[in-house]
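Here's the structure we're looking at; comments come further down.
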Amino acid sequence: MGPGPITVDPRVLRAMSAQLVGQYDPAMTAYMNETMALYRSVFRTANEQTFLVDGTSRAGIEAALVSLLSPGDRVLVPVFGRFGHLLREIAERCGAEVHVREVPWGEVFTLEQLEDAVREVRPKLVALVQGDTSTTMNQPLEGVGEICHRHGALLYVDVTASLGGNAFEMDAWGVDAVTAGLQKCLSGPSGSAPISLSPRAVEVVDARRSTEAGLRADPDSTEGLAPPAARIRSNYFDLAMVMDYWSEKRLNHHTEATTMLYCARECARLLLEEGVDASVERHRRHGAAMLAGVQGLGLRVFGDLAHKMHNVVAVWIPDAVDGDAVRAAMLGDYGIEIGTSFGPLAGKTWRIGTMGYNARKDAVLVTLAALEQVLRGAGADVPVGGGVLAAQAVYA
Ligand SMILES: Cc1ncc(COP(=O)(O)O)c(C=O)c1O
């Protein structure tokens with residue numbers, strides 16, 4: 001019950017144990033095409049270029065940023081938690097001219113703040129996290145794409161922690177590039193990063209296209225290739241080459257991580273069988289029950305509750321209690337993992353998730369019952385049954 005990775009859905013585990021097939025086996029290429037279509041529905045986009053980057057979520061982030069940003073490009077990174085700092089760090093490593101705006105942890109940006117920053121910086125790209133697990137905040141995105149486009153910027157969004165548990169509408173919200181992961185609300189393991197690029201973003205990537213010499217009919221010819229200075233500064237994360245691999249060209253690049261493809265496909269199938277809106281509603285309901293439950297135990301909740309993600313809550317560790325000892329007792333005595341925190345919140349808050357396969361009534365109630373016992377054992381004064389009662393009231 002931490003902020004991810006979380007318990008994997010048994011159907012995903014079964015998909016991961018399926019036999020491998022060759023990368024050009026018709027079954028494999030059919031799975032690739034099917035997976036592209038599934039993630040179009042998950043991201044709510046018509047973007048042709050919707051596929052997987054092999055690697056954990058930050059592989060998707062690196063691929064998007066290194067492919068979209070050339071050295072010297074101006075990028076605006078609004079930071080409201082740890083993962084905004086990660087975007088900044090990756091954009092800096094791309095050699096971009098990075099402009100950061102920050103709000104305190106526990107808050108989000110208003111549209112006005114974002115538009116002022118875009119007007120001042122005039123970036124080529126705005127890079128934003130939707131749900132930052134470090135603070136539990138969910139940045140509203142409606143209107144941000146329109147602002148970016150009005151000022152000639154592209155919008156990139158990291159939805160690793162929020163996708164499937166909170167509304168996300170790629171096309172309706174004008175998002176040009178999005179990357180995700182499986183280990184949060186999608187009930188899978190880490191190791192695959194679904195990605196989608198708008199035609200506008202594809203245009204930027206295409207202008208930097210280069211094909212490895214060993215794949216060209218004439219390795220000495222550079223016809224149709226971007227000049228060396230314009231090339232994407234990574235081979236593995238060169239999205240122009242990755243797109244060629246996922247397209248009908250099937251131009252070899254890496255060897256697709258077959259098991260992760262099975263897994264990403266099954267995660268999307270599960271989500272779409274439930275329905276994206278139904279999944280968001282399930283996360284809202286169980287997240288509301290967990291929130292009420294921790295409050296019912298007398299714990300103080302961190303951050304602006306009006307902008308909290310549905311799938312995780314951060315609570316202040318009571319003064320008299322040893323936070324690590326409580327986490328150890330939850331795990332050792334009850335087999336339940338809850339999360340610690342990063343940076344300015346390290347040692348000060350716990351983070352409790354209700355995401356993916358764990359966004360269930362039994363998981364919420366058992367966690368609250370266990371937490372009550374562990375807190376009492378640690379010397380905290382907690383109301384008898386306060387957590388479970390409060391959560392049950394939400395379910396009533
Ligand atoms: C919002 C966000 N972005 C990126 C990441 C990094 O993901 P990974 O550890 O899979 O590379 C995480 C992980 O928790 C995250 O929550």
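In listed order, ligands and their atoms are each counted from 1. In this text, all values refer to a predicted model and were calculated from it rather than measured experimentally.
Taking both residues in full, the closest heavy atoms of V8 and P189 are given as CG2-N, 3.8 Å, listed atom of the first, atom of the second, then distance. Scanning both residues, M137 and F80, for their nearest heavy atoms gives O-CE1, 3.7 Å. Taking all atoms of both residues into account, the shortest heavy-atom contact from V75 to A96 is CG1-CB, 3.7 Å.
Residue-to-ligand polar distances place S57 within reach of ligand 1: an N/O pair is separated by less than 3.5 Å. Close N/O approach between D158 and ligand 1 is found [any backbone or side-chain N/O within under 3.5 Å].
Here the protein heavy atom with the shortest distance to atom 16 (O) of ligand 1 is T133 OG1, 2.5 Å. Of the protein's non-hydrogen atoms, F83 CE2, 3.4 Å is the one closest to atom 5 (C) of ligand 1.
Between R101 and E120 there is a salt bridge, since at least one side-chain N of the basic residue sits less than 4.0 Å from a carboxylate O of the acidic one. Using a 4.0 Å cut-off between a side-chain N of Lys or Arg and a carboxylate O of Asp or Glu, E281 and R285 do not qualify as a salt bridge.
The shortest separation from a heavy atom of G131 to ligand 1 is under 4.0 Å, placing the residue in contact. Assignment of Q183 to the shell around ligand 1 is supported, since a heavy atom sits closer than 4.0 Å. By the 4.0 Å heavy-atom criterion, K184 is counted among the residues contacting ligand 1.
Near T160, the atoms of ligand 1 lying under 4.0 angstrom from a non-hydrogen atom of the residue are 2 (C), 3 (N), 4 (C), 12 (C), 15 (C). Close approach of ligand 1 to T56 (heavy-atom distance below 4.0 Å) involves ligand atoms 8 (P), 10 (O), 11 (O).
At least one cation-pi condition fails for R300 and F302: the charged atom is not both under 6.0 angstrom from the six-membered ring centre and inside a 45 degree cone around its axis.
By the neighbour-count criterion of 12 heavy atoms within 6.0 Å, atom CD of E34 is densely surrounded, having more than that number from other residues, nucleotides or ligands.
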